[in-house]
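Down below is the structure, laid out as structure tokens.
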Amino acid sequence: MSVTKASPDETSPAATPAAGAPLQWLARAMKPMALALVVPLLLLAFWHIATTNRWTRLIPTPADTAEYMVDFAVGGIYDDAFSGTLLTHLLASMSRVYGGFALAALVALPLGILIGRVATARMVLDPFFQLMRPIPVTAWLPLSMILFGLGARSAFALVFLGAFYPILLNTIFGVKNVDGKLFEAASMLGCRGKAQFYRVVLPAALPSIFTGLRLGLGLAWFVIVVGEMTGVPQGLGAVIMDGRTLSRTELVICGMIVIGVAGFISDRIILAIGNYLLRWSPNHHG
Amino acid sequence: MADASPPILQIKDVCKDFVLQGQPIHALSNASLTIHKGEFVCLIGASGCGKSTLLRIVAGFETPTSGEALMWGMPIMEPDPRRGMVFQDYALFPWLTVRDNIAFGPRAARRPKAEIRDTCERFIDMVGLRRFADAYPHQLSGGMRQRVAIARVLANDAEVVLMDEPFGALDAMTRERLQEELLDIWRRTKLTVIFVTHSIEEAIYLGGRIVVMTPGPGRIESDNEVTLPRPRDVSSPEFNDVRRMLSARLHSHHAPKVA
């Protein structure tokens with residue numbers, strides 16, 4: 001009944017779980033998940049106690065929020081302007097998050113490689129980016145609205161900015177800090193000049209580049225609310241802003257939860273891709 | 001004296017100066033050495049004697065300040081697959097498996113796929129890493145990593161193998177095993193080996209010739225032929241005689257020097 005493979009391949013480093021004890025194996029597999037849920041469950045309990053005892057009247061109870069979340073997701077309970085619109089808003093935000101992130105990666109990766117490998121490019125561009133980097137995305141909001149107008153393009157631009165710097169800086173770091181011995185090893189094996197870029201620099205920089213992409217995607221989710229403060233009709237940030245102006249706290253909390261969960265899942269996906277691509281790296285397992 | 005072809009390696013009056021923190025350093029001073037195909041030459045000496053510098057000049061990683069290094073009579077200008085290097089810290093590509101590390105050179109040379117595969121399998125077997133062919137370097141022990149480093153140089157048809165204290169970081173048992181295996185490979189392949197070490201014993205065990213170098217400035221003190229029959233017995237009186245002689249030469253530079 002157990003699905004452990006009797007593989008003749010001895011090089012597989014993973015130890016197969018003890019056959020005949022699937023329950024034990026399941027328990028061991030569940031343990032990290034159970035431990036990870038301790039803090040969220042405690043928070044939920046505190047929220048429940050605080051709101052049912054009326055310590056504050058401005059925040060709805062978890063049960064109310066859950067009910068509203070169901071209405072927000074599929075509708076049929078309150079049937080107001082937000083009922084059953086979760087997917088629309090989520091997709092709108094996701095398109096901005098991934099679009100802005102993809103564009104940031106598309107610009108930051110080549111730029112980072114250039115700055116990291118070419119001394120002249122570094123001297124021209126690096127001071128500029130170091131100067132621009134400390135300016136928070138929120139500070140760009142007014143200028144972005146002037147440059148790109150109210151709406152989706154502004155949101156897109158702000159997400160782009162948020163994701164841009166971590167990708168750029170980590171790419172620069174990665175391509176700049178390739179172990180010099182590897183270049184010598186490659187050249188004595190007959191791989192010289194430009195060929196070294198693809199066969200040494202890129203793979204060696206991959207762990208750093210991946211760290212940058214992961215941080216960038218995280219920041220893209222982080223700034224989506226600010227990005228959608230620019231007057232877009234749809235998106236989770238827009239929902240939160242609407243909830244604030246309408247004093248509908250349950251809407252705000254629902255929006256927060258959806259962003260949190262979506263950001264978490266998106267991080268897990270990129271982490272899984274990274275762990276697969278970087279399975280050769282001894283110190284890369286997030 | 002009717003040598004039709006020039007020796008595989010010639011080092012002629014090579015000097016190498018570095019500037020380190022504003023101070024000029026004479027790493028190598030007037031070094032001359034001729035090595036013929038199939039020789040196993042050990043370079044020994046204290047740190048700072050220029051043995052690694054000499055090796056790196058032969059590899060093509062460094063250019064001499066004056067003098068020249070020749071391979072088959074042609075000046076060595078840059079690294080070349082005909083001169084493979086085995087580094088002390090392995091310098092394997094961590095993102096490639098054992099098999100792909102060995103295939104790196106043949107792939108860079110754009111050899112046919114089937115040929116690359118055959119070459120890889122042959123050298124994987126030669127260094128005894130069949131079971132670990134698909135493992136990544138970080139999953140291997142130091143001894144196994146150095147086997148991969150040797151195999152990837154051999155797979156590239158290197159004529160000269162340059163080894164920079166290759167077994168220095170290994171434990172004594174592994175070290176002895178790898179010395180055996182290296183001699184075995186050398187005998188079978190007719191390679192030319194230049195082996196840098198700071199261990200007199202290792203040099204006598206391996207080398208057909210032992211070049212003693214002394215520091216300040218780095219120079220070649222003497223060039224000694226070792227005629228002991230192989231396999232050499234490290235505890236034999238003859239071995240000890242050679243050891244005593246080399247030890248004396250290594251310390252011959254202890255002339256008083258004003259700092």
Side-chain angles (χ1 to χ4, degrees), chain A residues 5-16 113 170-171 173-213 273-286, chain B residues 55-56 58-62 76-111 124 129-140 148-149 151-158 160-162 164:
Chain A
K5 265 190 289 182
S7 157
D9 182 10
E10 293 177 78
T11 62
S12 163
T16 44
I113 290 167
N170 282 285
T171 305
F173 178 83
V175 297
K176 230 168 87 175
N177 290 283
V178 181
D179 182 2
K181 272 272 157 55
L182 296 180
F183 290 116
E184 289 187 349
S187 56
M188 68 92 185
L189 290 169
C191 170
R192 277 191 299 262
K194 290 200 173 67
Q196 287 187 345
F197 177 74
Y198 294 101
R199 300 196 61 191
V200 180
V201 176
L202 274 192
L206 204 59
S208 283
I209 290 175
F210 231 90
T211 304
L213 290 173
I273 296 171
N275 281 347
Y276 175 75
L277 288 177
L278 301 172
R279 60 197 180 283
W280 51 268
S281 174
N283 40 23
H284 184 96
H285 279 287
Chain B
L55 199 72
R56 292 176 56 80
V58 174
F61 296 146
E62 315 268 359
I76 292 170
M77 310 296 283
E78 54 181 5
D80 189 299
R82 290 179 304 164
R83 298 182 305 273
M85 183 93 162
V86 176
F87 300 89
Q88 179 173 16
D89 50 5
Y90 325 118
L92 298 176
F93 303 106
W95 55 88
L96 298 178
T97 60
V98 166
R99 180 180 280 112
D100 289 334
N101 262 287
I102 295 173
F104 190 96
R107 280 195 186 131
R110 299 182 187 282
R111 303 231 197 108
I124 286 168
L129 288 172
R130 170 61 46 206
R131 282 176 56 206
F132 299 93
D134 295 309
Y136 288 98
H138 77 94
Q139 297 168 306
L140 305 176
V148 179
R152 83 174 165 182
V153 163
L154 298 178
N156 216 13
D157 281 341
V160 180
V161 179
L162 309 167
D164 193 1

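What you see below is based on every heavy atom in this structure, not just the backbone, and it leaves out hydrogens, waters and symmetry mates. Lettering follows sequence order; numbering is per chain, from 1.
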Which atoms form the tightest heavy-atom contact between [X] and [Y], and what is the distance?
| X | Y | value |
| --- | --- | --- |
| A/A185 | B/R152 | CB-NH2, 3.5 Å |
| A/C191 | B/A108 | CB-CB, 3.9 Å |
| A/W280 | B/P94 | CB-O, 3.2 Å |

Quiz item: Do the non-hydrogen side-chain atoms of A/M188 and B/N156 ever get within less than 4.5 Å of each other?
Solution: no

Pair up each side-chain donor or acceptor in residues 199-208 of chain A with any protein partner under 3.5 Å, not counting sequence neighbours, and list the distances.
residue	atom	partner	partner atom	Å
A/R199	NH2	B/F104	O	3.4

Quiz item: Taking only residues at least two apart or on different chains, which pairs with a member in residues 95-105 of chain B satisfy side chain to side chain donor-acceptor pair (under 3.5 Å)?
Solution: B/T97-B/D100, B/R99-B/E121, B/R99-B/D134, B/D100-B/R107

Quiz item: Among residues 175-183 of chain A, which residues come closer than 4.5 Å to chain B, judged by heavy atom distances?
Solution: A/K181, A/L182

Quiz prompt | Donor-acceptor contact present, side-chain A/R279 to main-chain B/Y136, <3.5 Å | solution =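 Checking the backbone N and O of B/Y136 against the side chain of A/R279, no donor-acceptor pair under 3.5 Å is found.
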
Quiz item: By number, which residues in residues 81-90 of chain B have some heavy atom less than 4.5 Å away from chain A?
Solution: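 Hits under 4.5 Å: B/P81, B/R83, B/G84, B/M85, B/F87, B/D89.
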
Quiz item: Given a strict heavy-atom distance threshold of 4.5 Å, which part of B/L162 is in contact with chain A: side chain, backbone, both, or neither?
Solution: neither

Quiz item: So what's closer than 4.5 Å to chain B heavy atoms on A/A195: side chain, backbone, both or neither?
Solution: neither

